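Shown next, in structure tokens, is the structure this report addresses.
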There are 2 protein chains.
Amino acid sequence: MKRNDALLEPFEALCREKGLALTVQRRAVLKDLAPRKDHPTADQVFESVGPQVPGLSRTTVYRVLDSLAKAGVIQEVGHLGTAMRYDPRVQRHHHLLCVECARVLDIEDPRLDALKAPTGTGFEISDYSVYFKGRCPDCRKKRPR
Amino acid sequence: MKRNDALLEPFEALCREKGLALTVQRRAVLKDLAPRKDHPTADQVFESVGPQVPGLSRTTVYRVLDSLAKAGVIQEVGHLGTAMRYDPRVQRHHHLLCVECARVLDIEDPRLDALKAPTGTGFEISDYSVYFKGRCPDCRKKRPR
DNA sequence: CTCCGTGCAAAAGGTTTGCACTGGT
DNA sequence: ACCAGTGCAAACCTTTTGCACGGAG
């Protein structure tokens, strides 16, 4: 058994559970992503995996990452779609994201405005924001669970 | 004095303070963005402002939003550059973002793992994550304040 | 008067799509 | 054998850049 197989196993189990076929390409992407802590872009994964899997296309890496994320095997990070969004409010506040319609709501909650920044990271922290993910009232009405 | 001028004033004051010229275009963008709560993209602002300011170009809207954000007059929302990023970790954890080099670090902090979700929003909340912004150790060393 | 800010056009990313083929299950 | 998944190429969308002109300070 190769060195990374133990690390890969939970991911593959999750794929089977979700009915995602375990193709050579999916395994290769997972094997590359699993140990990484740098939150790579699709392109970075492609650059890193590509050479090891002859014929692997960039498109496939995009599709594999997308399907894995939709199935909950991996996660997309800090991103609300492809385009940058702007907010006229500069003071500290937090956000509610609808995972279905991508709507973003501001929320005020004094309890969230006094979180302690983590220490020992060497970072000089200037601000923070909490992002809640969920389904908005409209989407819940349209497609109840 | 028109209806929105009171709303606009703090933004314009901030522009003067930061040395940003108050052009017709900047005023138009600010006037459009100021009352909005939907976190629009640059294109959405352009669609909405464009018709009112003949000759206003899309490029300018991008540049105006960028300069306003860099000056701290408005804010960019939940976005780490243009490309989507992926994380192999699906369990709850939080992030440290370097605003200079765009590096993203995972952080573990049990104190952050038990935040109360806001109530009364009608959202069905499934998860959340805290994003801290700051300057990483490397960037602090390279360009100390 | 001097630059910063702008418009236009073109390029540079990043991502998605149509279609035919192939390989998991 | 069936259908999900793939490769390729082209389209698409968002953002950036070069250059010349014009208006705010």
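Letters A, B, ... are given to chains in the order of the sequence lines, protein chains preceding strands, and every chain is numbered from 1. Every heavy atom of this structure was used, including side-chain atoms; hydrogens, water molecules and symmetry mates were not. Just so it is clear, the structure is predicted and the values come from calculations on it, not from any experiment.
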| Closest to side chain of B/S57, choosing from C/dG14, C/dC8, D/dT15 |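 Selected nucleotide: C/dC8.
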Worksheet item: Taking the side chain of A/L56 as its heavy atoms from C-beta onward, which of D/dG7, D/dT15, D/dT6 lies nearest to it?
Response: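 Nucleotide nearest to A/L56's side chain: D/dG7.
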*Looking at NE2 of B/H95 and CZ of B/R85, how far apart are the two atoms once the value is rounded to the nearest 0.5 Å?*
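These two atoms lie 10.0 Å from each other.
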Could you state the interatomic distance from CD (B/Q91) to NE2 (B/H93), rounded to the nearest 0.5 Å?
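Reported to 0.5 Å precision, the distance equals 7.0 Å.
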Taking the nucleotide of DNA chain C with the closest heavy atom to each, which residue, B/M84 or B/P54, is nearer the 5' end?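 Nearest-nucleotide comparison on DNA chain C picks B/P54.
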Mind calculating the distance between [atom1] ([X]) and [atom2] ([N]) to the nearest angstrom?
{"X": "A/R26", "N": "C/dG23", "atom1": "CZ", "atom2": "C1'", "value": "12 Å"}
{"X": "B/K18", "N": "C/dC4", "atom1": "NZ", "atom2": "P", "value": "18 Å"}
{"X": "A/D66", "N": "D/dA4", "atom1": "CG", "atom2": "C1'", "value": "15 Å"}
{"X": "A/Y62", "N": "D/dA9", "atom1": "OH", "atom2": "C1'", "value": "15 Å"}
{"X": "A/D43", "N": "C/dT16", "atom1": "CG", "atom2": "P", "value": "12 Å"}

**Request:** Map A/T82 and A/G55 onto DNA chain D by nearest heavy atom, then report which one ends up closer to the 5' terminus.
**Result:**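 Closer to the 5' end of DNA chain D: A/G55.
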ask   = Heavy-atom distance under 4.5 Å between the side chains of A/K31 and A/V49, does that happen here?
value =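 Counting from C-beta outward, A/K31 and A/V49 never come under 4.5 Å.
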_Against the six-membered ring of A/Y128, is A/R92 placed for a cation-pi contact (under 6.0 Å from the centre, within 45° of the normal)?_
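That pair qualifies as a cation-pi contact.
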Once base and sugar-phosphate atoms are separated, protein heavy atoms under 4.0 Å mark nucleotides 18-25 of chain D, 5' to 3', with B, S and - as B-----SS
| Under the criterion side chain to side chain contact (heavy atoms under 4.5 Å, CB included), which of A/V73, A/L68, A/L30 is the partner of A/L14? |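 That would be A/V73; it is the only one of A/V73, A/L68, A/L30 passing the side chain to side chain contact (heavy atoms under 4.5 Å, CB included) with A/L14.
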ask   = Would you say B/R58 reaches D/dT15's phosphate, i.e. side-chain N/O to OP1/OP2 under 4.0 Å?
value =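 No, because none of the side-chain N or O atoms of B/R58 sits under 4.0 Å from OP1 or OP2 of D/dT15.
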Whether A/Q25 contacts C/dG24 is assessed here as follows: a side-chain N or O lying under 4.0 Å from the phosphate OP1 or OP2. Is that the case?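 Looking at the OP1 and OP2 atoms of C/dG24, neither is under 4.0 Å from any side-chain N or O of A/Q25.
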request  = For residues A/F123 and B/F132, establish whether the separation of their ring centroids is below 6.0 Å.
outcome  =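 Centroid separation for A/F123 and B/F132: 6.0 Å or greater.
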